[in-house]
Amino acid sequence: MSQPEVQMGPNFIRNIIDEDLASGKHQTVITRFPPEPNGYLHIGHAKSICLNFGLASYYRGRCHLRFDDTNPVKEEQEYIDAIKEDVRWLGFEWDEYEFHASDYFETLYAYAEKLVEKDQAFVCDLTPDEMREYRGTLTEPGKQSPFRGRSVEENLDLLRRMRAGEFADGSRVLRAKIDMASPNLNLRDPIIYRILRATHPRTGDAWCIYPMYDFAHGQSDSIEEITHSLCTLEFQDHRPLYDWFCEALEIYHPQQIEFARLNLTYTVMSKRRLLELVNEKHVSGWDDPRMPTLSGMRRRGFPAAAIRTFCERIGVGKSDSVIDMTVLEDCVREELDQSAPRAMGVLRPLKVTITNYPEGASEEFTAPCHPKNPEMGCRTIPFSREIYVDRDDFMEDPPKKFFRLGPDREVRLRYGYIIHCDEIIRDPASGEVTELRCSYDPETGGGKLPEGRKKVKGIIHWVSAAHALPVKVRLYDRLLSVADPAGEKQRDDRELLNPDSLEQIDKALVEPGLATAEPGDAFQFERLGYFVVDAADSEPGRPVFNRVVTLRDTWAKVAEN
RNA sequence: UGGGGUGUAGCCAAGUGGUAAGGCAGCGGACUCUGACUCCGCCAUUCGGGGGUUCAAAUCCUCCCACCCCAGCCA
């Protein structure tokens, strides 16, 4: 399999695998990533993908992609396709090892008959309500179903007729015969097959009974000879059940290892909640750039390599944890700093007239596309008498440490001249500053500093008014306004949404060279952050930019205090 | 209050009886035509708490505390 370079520090799962390899329990490592195709993949899945594919790559084994498609009422082909696209985008390849639990429906059914024949499963006619009553509670044992004593012959006949479609949906189920008094509720005669008339994305209407996840997952791992079956913590209680099935069915027994799922601050990770956000139109879709989905992050401009770095950096353990979103953002910055060409763009334009520059004249400055990577080449930036700078780079009454424009202050235009602010023009009605009138020093073009001239600390970005390309820019912020939504159980998710998660700027101005940028191209707008050309809403010559993430801003921290 | 887990710095996380890795954040400094990047330095006498075993304990024993998961014909 061709996989990206996978870094992986020591962790408890590697320790277990090392022991298994050393003891001869296993000669090779076979893992699997087992999504249910009932939604889009999110960054939490990325943790599992990087772990499973990463381990396989580290030990030169292999990793299967298996769809756990046992519930046709929630699963769709759209999701199957999207999941495959996302896994590939993340950089992993499963070659011919693509499987579906539905591939095993016939085998699974045979397993069910085998259990019945061994008198370890029975058909139960209890209603869902009755079933709940019989199940008992966390502290009280359950009661045995009155149907538990049916003969093997009767059970086999009933099971076959279930499959043949003789009974109504929900009228009967097949249950394993284990122990209604077990303190582990999963062992209180769990349901293993239910009657469900729903069209399955892969098997169509071939079946009207479907295995429960618990009766499919472990056996699928067994059939595929998975050596180490990694899953999240909530399945620890199910492990004894999988053990019981493997033993009863006398089949190969994979080893399940549980790890803590990923939580990220200021977002949610459950497919149910993400689906709600989509359905209730709080976001534009699964791929809204604010979503923690892989498709959302892709559209947002997060490089796949950054997500891989992130998954490596957070490690893997068994304790519940919430990772700060800034860790992910830092991985994105690290990646983009190296790969993104630089450009200049002004988000909130403030007009500046260079009063001593000839009217109608213009010139071009040459600037490197990347300060540390000359191979990326240079671009030219037009300059003229009227330019725009960002409003944030001007203060009427600036503090001493503010190194930008202010009355009677000097600043360098990035790659251009040093200018001096001589005059402030205001809107007479509102008093708002509408223009700055400045003078430039002709000796300082292209970054030059004449002998004896004092260096200017402040350097700001700008665009030429006559040449700039007007573009739409969207500034994204955290989806939720609270860091840990799990700690806000009493509040509805909708109250937790950050009302300022999206800010649209209709008339930002960028370097003219950006007109030819292609969807997916990422740039660093110097001093502002990284921006990507939106893949869905851009048109040729009219790119729409999504802000991926801002640059680190130590000034912002200083300004807060 | 049954069962299963987890607790090492602000956030992750190594560590498996020999005297607390690493990363991120933070702080201080250097460099800088991006207040970015990069670089250098600092940052747990202590491992949820109490007892105990040992020459030696984050690691072993014991009691306690906190948090998470489980009562879908979901996965």
Side-chain angles (χ1 to χ4, degrees), chain A residues 9-12 15 34-36 38 68-71 73-75 124 126-128 131-133 135-142 169-175 182-188 190-196 209-210 212-214 216-217 231-240 258 260 265 271-272 310 312-324 326-327 330-331 333-334 337-338 342 344 367 371-372 401-404 412-416 418 444 446-449 455-461 486 524-529 550-559:
Chain A
N11 61 56
F12 78 101
N15 293 346
E36 185 198 8
N38 67 343
D68 274 340
D69 52 351
T70 53
N71 184 5
V73 316
K74 288 186 177 174
E75 297 154 8
C124 182
L126 251 26
T127 65
M131 194 92 73
R132 196 177 314 117
E133 276 175 41
R135 189 157 31 228
T137 69
L138 293 178
T139 51
E140 297 161 308
D169 283 12
S171 58
R172 293 181 219 263
V173 293
L174 182 69
R175 292 224 260 167
S182 172
N184 181 345
L185 303 235
N186 294 120
L187 300 180
R188 317 245 262 227
I191 295 172
I192 58 183
Y193 261 96
R194 75 279 218 190
I195 305 173
L196 204 60
I209 59 173
Y210 290 94
M212 297 290 288
Y213 169 85
D214 278 345
H217 187 85
C231 65
T232 43
L233 258 23
E234 67 269 29
F235 292 105
Q236 287 180 124
D237 287 346
H238 297 237
R239 182 157 23 99
E258 305 86 6
T265 55
K271 280 198 262 188
R272 197 205 91 234
F310 171 75
E312 163 53 24
R313 194 166 284 178
I314 58 176
V316 54
K318 296 193 69 158
S319 58
D320 295 313
S321 62
V322 183
I323 309 284
D324 202 297
T326 58
V327 177
D330 280 329
C331 295
R333 288 189 185 102
E334 250 176 61
D337 176 51
Q338 301 194 45
R342 310 288 123 122
M344 289 199 283
K372 289 185 178 171
K401 290 286 197 87
F402 186 79
F403 309 135
R404 312 177 191 178
R412 178 179 285 286
L413 298 177
R414 177 81 163 151
Y415 302 121
I418 293 176
T444 58
K448 284 197 290 287
L449 191 70
K455 207 171 174 179
V456 262
K457 175 85 178 159
I459 297 160
I460 65 171
H461 57 277
Q524 184 196 97
F525 289 179
E526 295 206 47
R527 303 208 312 129
L528 294 177
T550 61
L551 250 32
R552 267 207 201 84
D553 188 353
T554 48
W555 164 250
K557 269 183 231 164
V558 174

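The analysis underlying the following values was restricted to heavy atoms, covering all of them including side chains, and did not include hydrogens, waters or symmetry mates. All values derive from a computational prediction rather than experimental measurement. In the text below, chain A, chain B and the rest are named by the order of the sequence lines, each starting its count at 1.
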At 4.0 Å (heavy atoms only), tell me whether [X] reaches a base, stays on the sugar-phosphate, or touches nothing.
{"X": "A:M344", "result": "nothing"}
{"X": "A:Q524", "result": "base"}
{"X": "A:F402", "result": "base"}
{"X": "A:H238", "result": "base"}
{"X": "A:R313", "result": "sugar-phosphate"}
{"X": "A:T265", "result": "nothing"}
{"X": "A:F235", "result": "base"}
{"X": "A:T137", "result": "base"}
{"X": "A:V456", "result": "nothing"}

### Query
A:E140 or A:I191: which one's nearest nucleotide on RNA chain B is closer to the 5' end?
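The residue closer to the strand's 5' end, by nearest nucleotide, is A:E140.
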#### Entry: Contact nearer the 5' end of RNA chain B, comparing A:I459 with A:G317
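Going by which nucleotide is closer to the 5' end, it is A:G317.
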Separation of [X] atom [atom1] from [N] atom [atom2], in whole Å?
{"X": "A:E234", "N": "B:rA71", "atom1": "CD", "atom2": "P", "answer": "11 Å"}
{"X": "A:I323", "N": "B:rG10", "atom1": "CD1", "atom2": "P", "answer": "16 Å"}
{"X": "A:L138", "N": "B:rG72", "atom1": "CG", "atom2": "C1'", "answer": "14 Å"}
{"X": "A:Y193", "N": "B:rC74", "atom1": "OH", "atom2": "P", "answer": "14 Å"}
{"X": "A:N11", "N": "B:rA21", "atom1": "CG", "atom2": "C1'", "answer": "15 Å"}
{"X": "A:K271", "N": "B:rC74", "atom1": "NZ", "atom2": "C1'", "answer": "11 Å"}
{"X": "A:R272", "N": "B:rG72", "atom1": "CZ", "atom2": "P", "answer": "15 Å"}
{"X": "A:N186", "N": "B:rG2", "atom1": "CG", "atom2": "C1'", "answer": "14 Å"}

If I pick the [atom1] atom on [M] and the same atom on [N], what distance separates them, to the nearest angstrom?
{"N": "B:rC60", "M": "B:rG18", "atom1": "C1'", "value": "14 Å"}
{"N": "B:rC12", "M": "B:rG7", "atom1": "C1'", "value": "14 Å"}
{"N": "B:rA58", "M": "B:rU6", "atom1": "C1'", "value": "15 Å"}
{"N": "B:rG4", "M": "B:rC63", "atom1": "P", "value": "15 Å"}

Applying a 3.5 Å limit to both distances, which nucleotide forms a Watson-Crick or G-U wobble pair with [N]?
{"N": "B:rC39", "value": "B:rG29"}
{"N": "B:rU19", "value": "none"}
{"N": "B:rA66", "value": "B:rU6"}
{"N": "B:rA13", "value": "none"}

If you compare every side-chain N and O of [X] against the phosphate oxygens of [N] (OP1, OP2), does one of them come in below 4.0 Å?
{"X": "A:K557", "N": "B:rG26", "result": "yes"}
{"X": "A:S319", "N": "B:rC67", "result": "no"}
{"X": "A:T70", "N": "B:rA75", "result": "yes"}

### Message
With syn defined as a glycosidic angle within 90° of 0 and anti as the rest, where does B:rG72 land?
### Response
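Syn.
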### Task
Apply ring-ring contact (aromatic ring centres under 6.0 Å, His included) to the pair A:F402 and A:W555, showing each step before the final yes or no.
CA-CA 8 Å; A:F402 186 79; A:W555 164 250; 5.6 Å; yes
Checking contacts here: which listed nucleotide ([options]) is nearest the side-chain heavy atoms of [X]?
{"X": "A:P371", "options": "B:rG5, B:rU34, B:rG3", "value": "B:rU34"}
{"X": "A:D237", "options": "B:rU34, B:rA71, B:rC69", "value": "B:rC69"}
{"X": "A:R194", "options": "B:rC73, B:rG2, B:rU34", "value": "B:rC73"}

### Query
Any N or O donor-acceptor pair linking the side chain of A:R404 to the base of B:rG35 at under 3.5 Å?
yes
### Task
State the CG-CD1 distance between A:L413 and A:I459, to the nearest 0.5 angstrom.
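Rounded to the nearest 0.5 Å, the CG-CD1 separation comes out at 10.5 Å.
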